[in-house]
Amino acid sequence: QVQLVESGGGLVQAGGSLRLSCAASGRSFSTYAMAWFRQAPEKEREIVASVTYGETTRDYADSVKGRFTISRNDTKNTMDLQMDSLVPEDTAVYYCTAAPRGSGWYGSMSYWGKGTLVTVSS
């Protein structure tokens, strides 16, 4: 069974840091692009950061540039999101996803985790 499982969420004060991890199992995702999305209450899900296979390209939403860093370890089949200088607007459920080449994040061949909650207090 293929699974993506997020961990590392929690409650943190504004200005603090958290590191999210996504552990993949059931298959290798070394040839998949991977990303972190988030969904705040009453808002649409939005992409936060993405990384291509081989880490050749990393992209970030403007709102997190300079504060978040995405990384992946294909040997361990994991992906991380280091989040620094957190602000209350970062409060959301964070999801990891993996998509094969040529498939969008919401394609039928993509995988999603169930999410981990990040709460940033002011």
Side-chain angles (χ1 to χ4, degrees):
Q1 182 181 4
V2 178
Q3 279 189 315
L4 297 177
V5 179
E6 304 93 339
S7 63
L11 174 63
V12 63
Q13 288 189 331
S17 298
L18 280 176
R19 188 175 184 89
L20 304 183
S21 293
C22 174
S25 61
R27 66 156 298 138
S28 170
F29 287 95
S30 61
T31 61
Y32 281 53
M34 300 188 76
W36 288 95
F37 279 70
R38 68 185 179 186
Q39 187 166 18
E42 301 182 356
K43 291 190 176 180
E44 293 187 356
R45 191 172 297 190
E46 62 176 357
I47 190 166
V48 175
S50 64
V51 57
T52 55
Y53 69 92
E55 289 193 285
T56 52
T57 303
R58 303 180 190 182
D59 289 315
Y60 298 91
D62 288 342
S63 59
V64 306
K65 279 181 182 176
R67 300 188 298 120
F68 290 10
T69 303
I70 190 171
S71 61
R72 62 189 292 169
N73 185 324
D74 291 334
T75 299
K76 296 182 178 179
N77 227 17
T78 60
M79 176 179 65
D80 290 346
L81 184 70
Q82 177 65 39
M83 305 187 296
D84 299 317
S85 302
L86 285 161
V87 298
E89 291 73 25
D90 294 320
T91 295
V93 177
Y94 284 72
Y95 301 89
C96 70
T97 182
R101 181 186 291 184
S103 175
W105 301 115
Y106 295 101
S108 60
M109 300 297 290
S110 300
Y111 297 93
W112 287 81
K114 293 184 178 180
T116 185
L117 177 62
V118 172
T119 303
V120 184
S121 63
S122 58

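By convention here, the first residue in the shown sequence is residue 1.
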Classify the angle between the aromatic ring planes of Tyr94 and Phe68 as parallel (below 30°), tilted (30 to 60°) or perpendicular (above 60°).
tilted

Without swapping roles, check the side chain of Thr91 against the backbone of Val120 for a donor-acceptor pair under 3.5 Å.
yes

Flag yes if Val93 and Phe37 sit in one hydrophobic cluster, no otherwise; membership is Ile, Leu, Val, Met, Phe, Trp, Tyr, and two members link when side-chain heavy atoms are under 4.5 Å apart.
yes

When you compare the side chain of Arg27 with that of Tyr111, does any pair of heavy atoms fall below 4.5 Å?
yes

Identify whether Val118 and Tyr60 are in the same connected component of the hydrophobic contact network (ILVMFWY, side-chain heavy atoms under 4.5 Å).
yes

Heavy atoms, side chains only, cut-off 4.5 Å: are Trp105 and Arg45 in contact?
no

Heavy-atom nearest pair, Ala35 first then Ile47, reads CB-CD1, 4.1 Å

Between Cys96 and Met79 the two heavy atoms that sit nearest each other are CB-CE, 3.5 Å

Scanning both residues in full, the closest heavy-atom pair of Gly107 with Ser103 reads CA-OG, 3.8 Å

What's the shortest heavy-atom distance between Asp74 and Gly54, and which atoms?
OD2-N, 4.1 Å

According to the interplanar angle, ranging from 0 to 90°, do the rings of Trp112 and Tyr106 count as parallel (below 30°), tilted (30 to 60°) or perpendicular (above 60°)?
parallel

Taking every non-hydrogen atom, the tightest pair across Gln82 and Arg19:
OE1-NH1, 2.9 Å

So, do Ser121 and Leu11 sit near enough that their side-chain heavy atoms are less than 4.5 Å apart?
yes

Please check if the side chain of Arg72 supplies one atom and the backbone of Thr52 the other of a donor-acceptor pair under 3.5 Å.
yes

As an exercise, state the distance from OH of Tyr32 to OG of Ser110, rounded to the nearest 0.5 Å.
8.0 Å

Does a side-chain heavy-atom distance below 4.5 Å link Val64 with Met83?
no

Between the main-chain N or O of Ile70 and the side-chain N or O of Arg58, is there a donor-acceptor pair closer than 3.5 Å?
yes

Just so I know, are the side chains of Lys76 and Ser21 near enough to count as touching, which here means a heavy-atom distance under 4.5 Å?
no

Under 4.0 Å between a Lys/Arg side-chain N and an Asp/Glu carboxylate O for Glu6 and Lys114?
no

Is it the case that one hydrophobic cluster holds both Leu81 and Leu4, taking links as side-chain heavy atoms less than 4.5 Å apart, direct or via other members?
yes

